[in-house]
Amino acid sequence: MHLSEKAKRLIDLENRYGGKNYAPLEVVLTKGQGAKVWDVDGKEYLDFLSAYSAVNQGHAHPKIVAALTEQASRLTLTSRAFYNDRLGEFEKWLCELLGFDRLIPMNSGAEAVETAMKLARRWGYDVKKIPENQAKIIVCEGNFHGRTLGILSASTDPASRGGFGPYLPGFIVIPYNDLKALEHALKDPHVAGFLVEPIQGEAGVVVPDEGYLRCAACMCKSAGVLFIADEVQTGLARTGRLLACDHENVKPDVLILGKALSGGVLPVSAVLSSNEVILTIRPGEHGSTFGGNPLACAVAKAAVEVLLEEKLAERAERLGRIFRAEIEALKSPIVEKVRGKGLLNAVVIKPHGKNQKGNPKTAYDLCHELADHGVLAKQTHVHTIRFAPPLVITEAELSHGLSVIKQVISNSCV
Ligand code: PLP
């Protein structure tokens, strides 16, 4: 990849002064609009990552930016020491839209997951009457719920977890998409919740069998265990429904949202549930200085309105079918699998050929080639490329992106 002096200088600055907890593709972005982004040298790209599904509404969506600037010039942060004129309106609107009694607003996805885990434990003690300090949460192998110590205690990914012990106790890990394992784990009377991603995004867009979520939710109900859906990545129109759980008409007991809740404009997350669950946490027992700030509420309401007004779930469903059909039709010997729902898709790449270092080419090498040709995507683990463009991507843009992806895959085989 050719880098200008300007790009090199900016990359060097990050490398010199920043933590090395990421390994970005060497593209330095400065502007975004809809599904397109531009680098500091003016090169245009199609964004096929959407900041890991945070920018579902597209970059710089005018309605969201207008809500941001209008609110930013009036009132941004009050803390929860006081009421503000945005939070209650937003809570009512989102709860009524999604059919929940209440919500707790937070900022990052990880904070919302932590909130949900605290709620599950507290509900387990106060309502289910689990003996003190015995509450457990069932999680799945291959999960990704964020990066905090609590969450990585539930992780099975050595890269997330390794070297950060001691870990928080109280998790039971079962295989994903395995109802027998869930049935067995639910026999433990100290289980308070089952925390699950409707599709495992970071694991490589792993889609469970049809019926899995429905049966899992049913089994949780019979066992008196909270079904907690982490829809931080799958939620808000990405998979072709407003929530991925809607594909199976499942209403979770606890719903976790983040990322696209603000259209990628600022960190906004939320946990939605019933009075019975949410009210187990009382004043002083949980919170965040920024959670529920008026700026976030104004932006989040506009962001969700955009999803509904522009029918982005329907769009994701339709364009996602085109994406998968076209990659499958390529019948490339290096494509092991294409999977996904809506516009959350992954292509699994077989190791093939040789890269510049003389090693077999992997998803990582293909992502570099895609970037060279103006399509930004990122590998997840070694063999999988996740393709998740903003849902506002036009059919012409999708078609152009697909032609680049197909060309790069085809050229990579030879
Ligand atoms: N949960 C899921 C399913 C995610 O995919 C992610 C992030 O990728 C998170 C939680 C964590 O969100 P954040 O990075 O905003 O903390």
Side-chain angles (χ1 to χ4, degrees), residues 19 21-24 48-56 104-120 137-157 159-161 164 171 176-177 193-208 213 216 227-239 241 243-245 247 252 254-272 288 290-291 293 296 299-300 303 340-346 377-381 384-388:
N21 51 333
Y22 280 91
F48 266 77
L49 185 65
S50 308
Y52 301 101
S53 297
V55 190
N56 287 0
I104 294 181
M106 298 299 283
N107 310 287
S108 67
E111 280 175 294
V113 173
E114 288 279 347
T115 305
M117 296 196 309
K118 282 175 76 173
L119 280 167
I137 295 174
I138 303 171
V139 295
C140 292
E141 280 169 13
N143 71 68
F144 186 86
H145 300 291
R147 299 282 191 182
T148 60
L149 278 171
I151 290 170
L152 64 84
S153 298
S155 169
T156 58
D157 176 13
S160 299
R161 214 181 129 84
F164 294 114
F171 295 106
Y176 189 57
N177 193 25
F194 173 45
L195 170 63
V196 66
E197 296 157 86
I199 293 174
Q200 287 191 325
E202 293 304 304
V205 191
V206 179
V207 183
L213 297 174
F227 181 82
I228 307 168
D230 180 350
E231 293 242 24
V232 168
Q233 187 161 161
T234 54
L236 302 173
R238 170 58 55 189
T239 70
R241 299 282 189 281
L243 302 176
C245 281
H247 285 283
V254 180
L255 171 68
I256 309 169
L257 296 176
K259 294 188 192 271
L261 190 52
S262 73
V265 167
L266 73 173
V268 187
S269 61
V271 181
L272 296 97
S288 146
F290 280 85
N293 69 76
V299 164
K341 268 198 176 150
L343 279 173
L344 181 60
N345 293 295
K378 195 88 202 306
Q379 80 279 359
T380 166
H381 301 287
T384 308
I385 308 179
R386 175 177 20 198
F387 290 100

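Counting convention: from 1, in listed order, for ligands and their atoms alike. Because only heavy atoms are used, hydrogens play no part in the values below, and waters and symmetry mates are left out as well, while side chains stay in. What you see is a predicted model, and the numbers here were worked out from it, not measured in a lab.
For the pair Val196/Val139, no side-chain contact is recorded, criterion being any heavy-atom separation below 4.5 Å from C-beta on.
Atoms of ligand 1 lying under 4.0 Å from at least one heavy atom of Glu197, given by number and element, are 3 (C). The ligand atoms of ligand 1 that sit less than 4.0 angstrom from a heavy atom of Gly146 are 11 (C).
The shortest contact between atom 12 (O) of ligand 1 and any protein heavy atom is with Gly109 CA, 3.3 Å. In terms of protein heavy-atom proximity, atom 1 (N) of ligand 1 is nearest to Asp230 OD2, 2.7 Å. Counting only heavy atoms of the protein, atom 16 (O) of ligand 1 lies nearest to Ala110 N, 2.8 Å. Of the protein's non-hydrogen atoms, the one nearest atom 7 (C) of ligand 1 is Lys259 NZ, 3.1 Å. In terms of protein heavy atoms, atom 10 (C) of ligand 1 is closest to His145 O, 3.2 Å. The protein heavy atom nearest to atom 5 (O) of ligand 1 is Gln233 NE2, 2.7 Å.
The two residues Val271 and Leu119 have their closest heavy-atom pair at CG1-CD1, 3.8 Å. Contact between Met117 and Leu195 at its shortest, heavy atoms only, is SD-CD2, 4.1 Å.
A donor atom on one side chain and an acceptor atom on the other are found under 3.5 Å apart for Ser53 and Arg238. Between the side chains of Thr156 and Glu141, no donor-acceptor pair of N or O atoms lies under 3.5 Å.
Although no hydrogens or angles enter the test, the distance criterion places a donor-acceptor pair under 3.5 Å between the side chain of Ser50 and the main chain of Ala388. Although no hydrogens or angles enter the test, the distance criterion places no donor-acceptor pair under 3.5 Å between the side chain of Asn143 and the main chain of Gln200.
Closer than 4.0 Å to atom 14 (O) of ligand 1 lies none of the heavy atoms of the protein.
Residues Arg386 and Glu202 are paired through a salt bridge, judged by an N-O separation under 4.0 Å between the basic side chain and the carboxylate.
With a heavy-atom cut-off of 4.0 Å, Glu231 does not touch ligand 1 at all.
Distances from ligand 1 to the non-hydrogen atoms of Phe144 include at least one value under 4.0 Å.
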